[in-house]
Amino acid sequence: MSALPLSGIRVADFTWFGAGPMGTRPLAHYGAEVIVIESTTRGGLRHSPPFRDNKPGMNLSGFFNNFNSGKLSITLNMNHPDGAELAKRLIRISDVVVNNFSPGIMDRWGLSYEVVREINPAIIMAEMPVGGRTGPYNAMIGFGATIEAFAGMNHLTGYPDRPPTGTEINYPDYASNPYHLLFAILAALHYRNITGKGQYIEVAQLESTVSVMETNVLDYTVNGNI
């Protein structure tokens with residue numbers, strides 16, 4: 001059996017909940033060693049139904065196991081110096097480090113891009129802040145349901161004489177945001193293969209969601225139609 005395309009690539013995956021794990025899942029499926037860094041105090045999707053036999057359990061969430069299939073996992077207390085040091089040791093031997101935290105969380109743990117790049121000059125670091133690291137919405141937090149509403153996607157759904165229905169599936173978590181992240185990482189790996197250089201990637205989830213509404217944005221910009 002021939003090696004999978006991403007065999008030999010290691011990913012330090014700090015993502016949780018939806019968009020981040022969905023973005024790194026294909027990396028694992030195509031051969032990368034994706035190591036999820038988890039917390040013992042914040043279970044995230046591990047606490048989310050559906051559960052097998054309707055019995056909650058840390059390893060029984062259908063959502064968690066779907067989004068993280070093919071991955072490895074460790075738990076670290078990132079607020080403890082030893083936990084942060086172990087994370088740095090993992091990053092030193094990784095190719096990609098990715099998170100979907102609010103801006104400043106990784107910085108607080110001593111893992112800003114500047115620090116990570118010193119640890120591993122060839123590292124590719126990808127972050128998914130909801131509203132970007134800078135600008136008027138940089139403090140914004142949220143999930144797919146809130147992002148699609150803020151981006152204006154919900155306004156386009158439902159009947160004209162009724163309130164918007166939304167997509168009912170948290171569309172940004174499953175489509176726009178994880179796959180923009182995925183293709184950005186793949187492009188960065190290709191670039192590094194050619195140049196030997198790593199890079200920093202920002203996938204602002206709000207911008208990523210707006211980008212799939214291009215026809216509506218153009219219709220408003222050119223014709224004034226809301």
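Nothing here was measured: the structure is a model prediction, and the numbers come from that model. All residue numbers in this chain count up from 1 along the given sequence.
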If you measure from CG on D53 to CG on L60, what distance do you get to the nearest 0.5 Å?
8.5 Å

Residue list, ring pair (Phe, Tyr, Trp, His ring centres under 6.0 Å) with [X], at least two apart or on another chain:
{"X": "Y171", "answer": "none"}
{"X": "F51", "answer": "none"}
{"X": "F14", "answer": "none"}

side-chain hydrogen bond (donor to acceptor under 3.5 Å, both in side chains) against [X], all qualifying residues, sequence neighbours excluded:
{"X": "T167", "answer": "E148"}
{"X": "S69", "answer": "H29"}
{"X": "S39", "answer": "T41"}
{"X": "N66", "answer": "R25"}

Would you check if the side chain of N120 reaches a backbone N or O of I91 as a donor-acceptor pair within less than 3.5 Å?
yes

Please confirm whether the backbone N or O of K197 pairs with a side-chain atom of T195, one donor and one acceptor, at under 3.5 Å?
yes

Taking the six-membered ring for Trp, are F17 and F63 ring centroids under 6.0 Å apart?
no

Near Y174 OH, under 6.0 Å, is it more than 12 heavy atoms from other residues, nucleotides or ligands?
yes

Flag yes if more than 12 heavy atoms outside H47 fall under 6.0 Å of its NE2 atom; otherwise flag no.
yes

If the condition is salt bridge (Lys or Arg N to Asp or Glu O under 4.0 Å), which residues does R92 pass it with, not counting sequence neighbours?
none

Mind checking what makes salt bridge (Lys or Arg N to Asp or Glu O under 4.0 Å) contact with K71, not counting sequence neighbours?
D13

Note: A204 and G131 closest approach over all heavy atoms is CB-C, 4.3 Å

Any Lys/Arg nitrogen of R133 or E202 sitting under 4.0 Å from an Asp/Glu carboxylate oxygen of the other?
no

Report, one line per pair, each donor and acceptor closer than 3.5 Å where one atom sits in a side chain of residues 4-12; sequence neighbours left out.
residue : atom : partner : partner atom : Å
S7      : OG   : L4      : N            : 3.2
S7      : OG   : L4      : O            : 3.1
R10     : NE   : E33     : OE1          : 2.5
R10     : NH1  : I93     : O            : 2.7
R10     : NH2  : E33     : OE1          : 3.2

Could you tell me whether the side chain of [Y] reaches within less than 4.5 Å of the side chain of [X], counting heavy atoms only?
{"X": "L182", "Y": "L27", "value": "yes"}
{"X": "W16", "Y": "R42", "value": "yes"}
{"X": "L111", "Y": "K88", "value": "yes"}
{"X": "V116", "Y": "S112", "value": "no"}
{"X": "V36", "Y": "L72", "value": "no"}

Same cluster (ILVMFWY, side-chain, under 4.5 Å), L181 and V130
no

Ring pair (Phe, Tyr, Trp, His ring centres under 6.0 Å) contacts touching residues 178-226 (sequence neighbours left out):
Y113-Y200

Does a side chain donor of either T15 or N99 reach within less than 3.5 Å of an acceptor in the other side chain?
no

Listed pairs under 3.5 Å, donor-acceptor, residues 73-81 side chains, sequence neighbours left out:
residue : atom : partner : partner atom : Å
S73     : OG   : E38     : OE2          : 2.4
N77     : OD1  : N79     : N            : 3.1
N79     : OD1  : W109    : NE1          : 3.2
H80     : ND1  : D82     : N            : 3.0

